[in-house]
Amino acid sequence: MFSIFSASCNTHKKASPTSGFTLVELMISISIMVIVAGIVLTRQTAFNGSVLLRSQTYEVALQAREVQLNAVSASGNTGTFRSVQGLHFDTNPVLNSQYKVFVDSPSGSNANGFWDSGEEFGQQGLLDPRFEIRSLRAIGDNISGSEVSVVFVRPNFDARFFDSNGELNASSLEVDVARKGLTGSSTDVVRTLEITSTGQITVQ
């Protein structure tokens, strides 16, 4: 009888194995989930920043194209043709979150192809607070200072570039729009607006 009781106990023990997670297994599982979630969120944030940066740069390019079209069209402003219009970029940290849209003075000392205070025209450019105009490059010439103006003169679509010292002998102007606080040259950190002397406007 004792042997029968022992056999039934042994059978009972085998039929109810231990179930559930141990503390170590639970901690490992949670750690893996946290790591995976962190990677997904980081990549999602970088992707969102890249999309927004691309959109911001194309917005600047679109406004440059609008200025170009207005400059070469035969539209009038208080009886005078808007023959010289342009955009002005500045990398100074105080001013690099915006850009000027202007009409160059038709005569006098301010008829210089370079933006002067009071020449603003229409809606001014304002970047999203997360972005900045980080650098300017004139291909084929050197820029003096932190400012460059690009103007369009009718009837041609051609662009001309000016810094504070006068006209630049450049084949194109490159404007880097970048995310604040980040370094590097990848497309999720910086995008480049290029305006060529022949009037082509592209985003790289």
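Values below: every heavy atom of this structure, side chains too, minus hydrogens, waters and symmetry copies.
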Heavy-atom donor-acceptor pair, Glu120 side chain to Gly118 backbone, under 3.5 Å |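 Yes; at least one donor-acceptor contact below 3.5 Å.
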Do side-chain atoms of Asn156 reach the backbone of Asp158 as a donor and acceptor pair under 3.5 angstrom?
->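 Not confirmed, Asn156 side chain does not pair with Asp158 backbone.
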Step by step, work out the side chain to side chain donor-acceptor pair (under 3.5 Å) result for Glu147 and Ser164.
-> CA-CA 7 Å; Glu147 306 172 75; Ser164 56; over 6 Å; no
Gap between atom [atom2] of [Y] and atom [atom1] of [X] - 0.5 Å precision:
X: Asp116; Y: Phe114; atom1: CG; atom2: CZ; result: 7.5 Å
X: Asp128; Y: Glu59; atom1: CG; atom2: CD; result: 9.0 Å
X: Asp188; Y: Ser50; atom1: CG; atom2: OG; result: 5.5 Å
X: Ile139; Y: Ser171; atom1: CD1; atom2: OG; result: 6.0 Å
X: Ile32; Y: Met27; atom1: CD1; atom2: CE; result: 12.5 Å
X: Thr57; Y: Leu62; atom1: OG1; atom2: CG; result: 12.5 Å

Restricting to non-hydrogen atoms, name the atom on [X] and the atom on [Y] that form the minimum distance, rounded to 0.1 Å.
X: Val67; Y: Val101; value: CG2-CG1, 3.7 Å
X: Ala71; Y: Phe152; value: CB-O, 3.4 Å
X: Ala111; Y: Pro106; value: CB-C, 4.0 Å
X: Ala138; Y: Ala170; value: CB-CB, 3.9 Å

State, with a plain yes or no, whether a side-chain heavy atom of [X] is found less than 4.5 Å away from one of [Y].
X: Phe157; Y: Leu69; value: yes
X: Ser73; Y: Arg154; value: no
X: Ile195; Y: Gln200; value: no
X: Val151; Y: Leu87; value: no
X: Lys180; Y: Glu132; value: yes
X: Ile133; Y: Asp90; value: no
X: Ile201; Y: Leu193; value: yes
X: Phe161; Y: Asp141; value: no

Would you say the side-chain atoms of Tyr99 and Gln124 include a donor-acceptor pair closer than 3.5 Å?
->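 Short answer, no.
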For Gln204 and Glu194, does a side-chain donor sit closer than 3.5 Å to a side-chain acceptor?
->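 Checked: Gln204/Glu194 side chains pair up, N/O donor to acceptor below 3.5 Å.
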What's the verdict on side chain to side chain donor-acceptor pair (under 3.5 Å) for Ser144 and Asp163, showing C-alpha distance, side-chain angles and the deciding distance?
-> CA-CA 6 Å; Ser144 176; Asp163 64 11; 4.7 Å; no
From CA spacing to verdict: side chain to side chain contact (heavy atoms under 4.5 Å, CB included), Glu119, Phe121 = CA-CA 6 Å; Glu119 293 182 338; Phe121 177 79; over 6 Å; no
Hey, what's the ring geometry for Trp115 with His88, parallel, tilted or perpendicular (30° and 60° as the breaks)?
->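 Because their plane-to-plane angle lies in the 30° to 60° range, the rings of Trp115 and His88 count as tilted.
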Does [X] belong to the same Ile/Leu/Val/Met/Phe/Trp/Tyr cluster as [Y], with side-chain heavy atoms less than 4.5 Å apart forming each link?
X: Leu127; Y: Val148; value: yes
X: Val189; Y: Leu52; value: no
X: Val153; Y: Phe162; value: yes
X: Val190; Y: Val203; value: no
X: Val175; Y: Val60; value: yes

So Arg137 and Asp176, salt bridge (charged side-chain N to carboxylate O under 4.0 Å, His left out) or not? Walk me through it.
-> CA-CA 9 Å; Arg137 293 180 299 279; Asp176 285 345; 2.6 Å; yes
Is there a side chain to side chain contact (heavy atoms under 4.5 Å, CB included) between Phe89 and Ser149 once you walk through the steps?
-> CA-CA 6 Å; Phe89 302 98; Ser149 291; over 6 Å; no
Please walk me through it: do Arg130 and Arg179 pass side chain to side chain contact (heavy atoms under 4.5 Å, CB included)?
-> CA-CA 6 Å; Arg130 291 166 287 188; Arg179 294 171 64 187; over 6 Å; no
